[in-house]
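Please read all numbers here as calculations on a predicted model, not as lab measurements.
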Amino acid sequence: MYIKLLLVVFSGISFLIYGIGSFNSRRMNSEFIRWGYENYRHLIGTFQLLGGSGLLIGLFFKPLIILSSSCLTLMMIIAVYVRFKIKDPFQMILPALFYTIINGLITYLFI
């Protein structure tokens, strides 16, 4: 039970932080340019905020955890693909891969 709570809170807070960073961080702005998605920065940031919020609110409404973690898993699979596509070194792909696994695990544990 505690591991499920820990995973949800960790991922939820992480995506809130990344979502906020997508709107106001110079470093994140330069990353979106490097990935070739500078025009989608605010949209992706909004999805990150919605996903992180959905995980945390989902602690009180289980179906929201499943929906949010599934969507975040898909978003992170795409992020891993983009990083492979632009030929990032493996250590730069690891965070996206890590969050893919975390959110996939959350989805699995709450189904």
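Residues I65 and L74 share a single hydrophobic cluster, defined by chaining ILVMFWY side chains whose heavy atoms lie under 4.5 Å apart. Hydrophobic clustering, with ILVMFWY side chains joined whenever heavy atoms are under 4.5 angstrom apart, groups M75 together with V8. M92 and L94 are assigned to two separate hydrophobic clusters, defined by single-linkage of ILVMFWY side chains at heavy-atom distances under 4.5 Å. F15 and Y40 fall within the same hydrophobic cluster, where Ile, Leu, Val, Met, Phe, Trp and Tyr residues are linked whenever their side-chain heavy atoms come under 4.5 Å apart, directly or through other members. Transitive grouping of hydrophobic side chains (ILVMFWY, heavy atoms separated by less than 4.5 Å) keeps L67 and L5 in distinct clusters.
Side-chain contact between V9 and L59: present, with at least one pair of heavy atoms (C-beta onward) separated by less than 4.5 Å. Using a 4.5 Å cut-off on side-chain heavy atoms (C-beta onward), L64 and L55 make no contact. Looking at F47 and L72, their side chains never come closer than 4.5 Å, going by heavy atoms from C-beta outward. By the 4.5 Å heavy-atom criterion applied to side chains, R34 and D88 are counted as neighbours. Annotation: side chain of R83 is in contact with side chain of W35 (closest heavy-atom distance under 4.5 Å).
Smallest separation of non-hydrogen atoms from S68 and G54: OG-CA, 3.2 Å.
The CE atom of M28 sits 11.5 Å away from atom CD1 of I33, with the distance rounded to the nearest 0.5 Å. In this structure, CD1 in I78 is found 8.0 Å from OH in Y37, a value given to the nearest 0.5 Å. The distance from atom CD1 of I44 to atom CG of N39, rounded to the nearest 0.5 Å, is 10.0 Å.
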What donor-acceptor contacts under 3.5 angstrom involve side-chain atoms of residues 97-111, with partners at least two apart or in another chain?
| unit_1 | atom_1 | unit_2 | atom_2 | d |
| --- | --- | --- | --- | --- |
| Y99 | OH | S14 | OG | 2.9 |
| T100 | OG1 | M76 | O | 3.4 |
| T100 | OG1 | A96 | O | 2.7 |
| N103 | OD1 | S11 | OG | 3.1 |
| N103 | ND2 | S11 | OG | 3.2 |
| N103 | ND2 | Y99 | O | 2.9 |
| T107 | OG1 | S69 | OG | 2.7 |
| T107 | OG1 | S70 | N | 3.3 |
| T107 | OG1 | N103 | O | 3.0 |

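Every pair tested for ring pair (Phe, Tyr, Trp, His ring centres under 6.0 Å) that includes a residue from residues 52-90 fails, sequence neighbours excluded, so the list is empty. For residues 41-50, the side-chain hydrogen bond (donor to acceptor under 3.5 Å, both in side chains) pairs, not counting sequence neighbours, are S22-Q48, N29-R41.
Atom CZ of F32 sits in a crowded spot, with more than 12 heavy atoms from other residues, nucleotides or ligands closer than 6.0 Å.
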